[in-house]
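Keep in mind it's a predicted model, so treat the numbers as computed, not measured. In what follows, chains carry the letters A, B, and so on, assigned in the order in which the sequence lines appear, proteins first and then strands, with residues in each chain numbered from 1.
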There are 2 protein chains.
Amino acid sequence: MERAPEFTKEQIAAAQYYASLTPPIDLDPRIASLVRDLIGRVADKWTMLILDVLAEKSPLRFSRLSELVEGISQKMLTQTLRAMERDGLVVRTVYPVVPPKVEYKLTDLGITLGAAFCGVWVWAANNLDTVEKARQEFDQRPR
Amino acid sequence: MERAPEFTKEQIAAAQYYASLTPPIDLDPRIASLVRDLIGRVADKWTMLILDVLAEKSPLRFSRLSELVEGISQKMLTQTLRAMERDGLVVRTVYPVVPPKVEYKLTDLGITLGAAFCGVWVWAANNLDTVEKARQEFDQRPR
DNA sequence: CCGGATCCCGAGTGATACTG
DNA sequence: CAGTATCACTCGGGATCCGG
């Protein structure tokens, strides 16, 4: 239980590689604005969390998802899944049985987004205590 | 103005590399929960957008930031910058002059987070029209 | 019984005005 | 210029209801 992280060596290497790159550079202004819009929708707490559990295990039923995505309300789960379906990130399959059974799984597009977010997960895991330390320091600074 | 994307070859390569990786794998449950918390705070629309403009050009004054981060209110700008400062992502420098001058720049930690988000930006730029097409299709599907 | 739609309420967000 | 204060409003969470 001590350590635990455990990413593949490839993931670590990729993260370090990313970290060595220059930051994002600019695009055509019109496209850039569209990209920002898209980022705005996709850079959402619940979207990322849902994406993550679906990336690990898929397909999943609605009820299983609400267990695995810790802290989410049914409302936001439904809502976020709908948006993700609309954006082509997940497919929703309804089985006409009783009791109802609805499964969600990532599309190929969703999988690539999950992979893109991978760097953020690695970052979070690696810098957890750095951030924690920064917070404590900040909170103790004189007002 | 035609095309325009233009990422470095290294960025493209890194993105493709990421996309080829397996999705994030699990950690120690306790740590995983902390990581999720951190993701929750950092995977925020405004945080990403601010991070991006600061990554491109830094340091920036408050007023310049509010111009560059399109659509943000002063309130959310202040609030998000404070949170980012607390998390050790940005440094805030106050010059005791009149009129006031306050500059924000990324810390090294902030730079690495920006780099980690890079994959998402690349994804968004690459899949813009795929998403747009998916939306149109979805919206036209019978109710 | 499961998936999810609806309603209500409190917290968070945005626009505007104001201040050191 | 860089914020804070105020207020109206939207959005998210929880409980409840419902159709298959």
Would you please confirm or rule out a distance under 4.0 Å between OP1 or OP2 of [N] and any side-chain N or O of [X]?
{"X": "A:Gln79", "N": "D:dG12", "result": "yes"}
{"X": "B:Ser66", "N": "D:dA2", "result": "no"}
{"X": "B:Ser63", "N": "D:dA2", "result": "yes"}
{"X": "A:Arg82", "N": "C:dA5", "result": "yes"}
{"X": "B:Ser73", "N": "C:dG14", "result": "yes"}
{"X": "B:Trp46", "N": "C:dG14", "result": "yes"}
{"X": "A:Arg61", "N": "C:dG3", "result": "yes"}
{"X": "B:Arg92", "N": "D:dG3", "result": "yes"}
{"X": "B:Tyr104", "N": "D:dC1", "result": "no"}

* Between the side chain of A:Thr112 and the main-chain N/O of A:Leu109, is any donor-acceptor distance below 3.5 Å? ->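 Pair found, side chain donor or acceptor close to backbone of A:Leu109.
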
* Asked: Do side-chain atoms of A:Asp44 reach the backbone of A:Thr47 as a donor and acceptor pair under 3.5 angstrom?
  ->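 At least one qualifying donor-acceptor pair exists.
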
* Is any NZ, NE, NH1 or NH2 atom of the basic residue among B:Asp139 and A:Arg86 found under 4.0 Å from an Asp or Glu carboxylate oxygen of the other? ->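 Salt bridge present between B:Asp139 and A:Arg86.
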
* Find which nucleotide of DNA chain C each of A:Val98 and A:Phe62 is nearest to by heavy atoms, and output the residue with the more 5' nucleotide. =>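 That would be A:Val98.
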
Rounded distance in Å - [atom1] ([X]) to [atom2] ([N]):
{"X": "A:Leu77", "N": "C:dG3", "atom1": "CG", "atom2": "C1'", "answer": "10 Å"}
{"X": "B:Leu60", "N": "D:dC1", "atom1": "CG", "atom2": "P", "answer": "15 Å"}
{"X": "B:Leu49", "N": "C:dT13", "atom1": "CG", "atom2": "P", "answer": "15 Å"}
{"X": "A:Leu81", "N": "C:dG3", "atom1": "CG", "atom2": "P", "answer": "11 Å"}
{"X": "A:Tyr95", "N": "C:dG4", "atom1": "OH", "atom2": "P", "answer": "13 Å"}
{"X": "B:Leu65", "N": "D:dC1", "atom1": "CG", "atom2": "P", "answer": "14 Å"}
{"X": "B:Lys75", "N": "D:dG3", "atom1": "NZ", "atom2": "C1'", "answer": "13 Å"}
{"X": "B:Lys101", "N": "D:dG3", "atom1": "NZ", "atom2": "P", "answer": "14 Å"}

Of all the heavy-atom pairs spanning [X] and [Y], show the shortest one and how long it is.
{"X": "B:Met76", "Y": "B:Trp46", "result": "CE-CD1, 4.0 Å"}
{"X": "A:Ala124", "Y": "B:Val35", "result": "CB-CG1, 3.8 Å"}
{"X": "A:Val94", "Y": "A:Arg92", "result": "CG2-NH1, 3.7 Å"}

Taking the side chain of [X] as heavy atoms from C-beta outward, which of [options] is closest to it?
{"X": "B:Met76", "options": "D:dC1, D:dG14, C:dG14", "result": "C:dG14"}
{"X": "B:Pro99", "options": "D:dG14, D:dC1, D:dG20", "result": "D:dC1"}
{"X": "A:Pro100", "options": "C:dG4, D:dT6, C:dC1", "result": "C:dC1"}

* Asked: Hey, which of these two, A:Gln74 or A:Lys45, hits DNA chain D nearer its 5' end, going by closest nucleotide?
  ->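 Nearest-nucleotide comparison on DNA chain D picks A:Lys45.
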
